[in-house]
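So that the names make sense, note that chain A is the first sequence line, chain B the second, and so on, each numbered from 1. Owing to the predicted nature of the structure, the values given are computational and were not obtained by experimental measurement.
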Number of protein chains: 2
Amino acid sequence: MSRSNPRVLSTLERAGGFASAQEVYRLMQREGESIGLTTVYRSLQSLVNDKIVDVLRRDDGEAIYRLCGDAHHHHLVCKGCGDTVEIEGGVIEKWAKTMAEEFGFREVGHTAEIFGLCSKC
Amino acid sequence: MSRSNPRVLSTLERAGGFASAQEVYRLMQREGESIGLTTVYRSLQSLVNDKIVDVLRRDDGEAIYRLCGDAHHHHLVCKGCGDTVEIEGGVIEKWAKTMAEEFGFREVGHTAEIFGLCSKC
DNA sequence: ATGGAAATGAAAATCATTTTCATTTGTGAT
DNA sequence: ATCACAAATGAAAATGATTTTCATTTCCAT
């Protein structure tokens, strides 16, 4: 295992708490930091394991990492500018639990994201 | 431009209306159909353009295509055997609509999947 | 039949991500 | 300070999905 390189987290924060691994890497390079792409990936993964960042997917499949709070939440993502709003999803939790019970599923998790165009786009 | 190869659509239907390009391809091969991977990709893309299928992303970033339109539904997927159950998600539709309105989003879509271990696994 | 447009697919290219592995760095014991 | 070993690092290769290229084949309309 490896611990996260603190500069990666700090860069992700500076990026607005929302960026892909490649973007974090490029940003660090531009700022003259000496780091390898591999380390960026490893650090981000480790941050995901520690639940310090959240990972979701762009439309093109690229993984984007974002700082998240402790509470489990869902996202409303703008397809235009990438702006993200954290939203409440109590309804979803209940729905997932009900459905899982109905079909005898255990150890269930779920994903639920809403995407569209925000008022600015 | 290219039109969709009808066998691709019919295979996607047979797959439960839910599969990745690679899966559609493998399925067609197993059934003895002679088709190239390129054509599968092209056909799926064309179906997406024509809004006959919808594309979303697995956790690993692989694109999955699903028939969309009349019966919009969600999935309960087993992490063990991959078995999938189509489930009803009226609650989700309402949730998505409400949230989108609240934050002024237009042209919204959503994804919601539940995953866990089925009774057999 | 003939010409051209559309469809096809094998192979190469692309791109994000992961793996491998040799090297460097950090740390604790002596 | 020195030795030993674990953890961290990063360059390069491997992987895997997807896209592009391009030569060939299939389809029509004339």
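Closest non-hydrogen pair, A/Arg7 versus A/Ile35, comes out as NH2-CD1, 4.2 Å. Nearest heavy-atom pair across A/Ala19 and A/Val24 is CB-CG2, 4.0 Å.
As rounded to whole Å, 6 Å separates atom P of C/dG9 from atom CD1 of B/Ile35. Nucleotide D/dA11 holds its C1' atom 13 Å from the CD atom of A/Gln29, rounded to whole Å. If you measure from atom CG of A/Leu56 to atom P of C/dA16, you get 17 Å, rounded to the nearest angstrom. Rounded to an integer number of Å, the gap from A/Glu23 CD to C/dC15 C1' is 14 Å. The interatomic distance linking A/Met28 (CE) with D/dT9 (P) rounds to 10 Å, in whole Å. A straight line from CG of A/Asp59 to C1' of C/dA16 spans 16 Å, rounded to a whole angstrom.
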What one-letter contact string describes nucleotides 16-28 of chain D from 5' to 3', where B marks a base within less than 4.0 Å of any protein heavy atom, S marks contact via sugar-phosphate atoms alone, and - marks no contact? -SBBB--------
Show me the dot-bracket string of DNA chain C, counting Watson-Crick or G-U pairs under 3.5 Å, with | for pairs to another strand and [ ] for crossing ones. ||||||||||||||||||||||||||||||
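One side chain, A/Arg14 or A/Ser10, offers a donor N or O that lies under 3.5 Å from an acceptor on the other.
Under the 3.5 Å distance criterion, the side-chain polar atoms of B/His74 are matched with a main-chain donor or acceptor of B/Ala112. Distance alone, capped at 3.5 Å, places no donor-acceptor pair between the A/Arg66 side chain and the A/Val53 backbone.
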For A/Tyr65 and A/Val48, what are the C-alpha separation, side-chain angles and deciding distance, and is it a side chain to side chain contact (heavy atoms under 4.5 Å, CB included)? CA-CA 8 Å; A/Tyr65 301 84; A/Val48 169; 3.9 Å; yes
Between A/Glu113 and B/Arg57, is the salt bridge (charged side-chain N to carboxylate O under 4.0 Å, His left out) condition met? List the steps. CA-CA 11 Å; A/Glu113 310 289 336; B/Arg57 297 272 168 183; over 6 Å; no
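The side chain of A/Asn5 places no N or O atom within less than 4.0 Å of a non-bridging phosphate oxygen (OP1 or OP2) of D/dA8.
The local environment of CG in B/Asp59 is sparse, with at most 12 non-hydrogen atoms from other residues, nucleotides or ligands closer than 6.0 Å.
Within 4.0 Å of A/Ser34, counting heavy atoms only, lie sugar-phosphate atoms of the nucleic acid but no base atom.
Considering B/Gln29, B/Gln22, B/Glu23 in turn, B/Gln29 is the only one that fulfils the side-chain hydrogen bond (donor to acceptor under 3.5 Å, both in side chains) rule with B/Tyr25.
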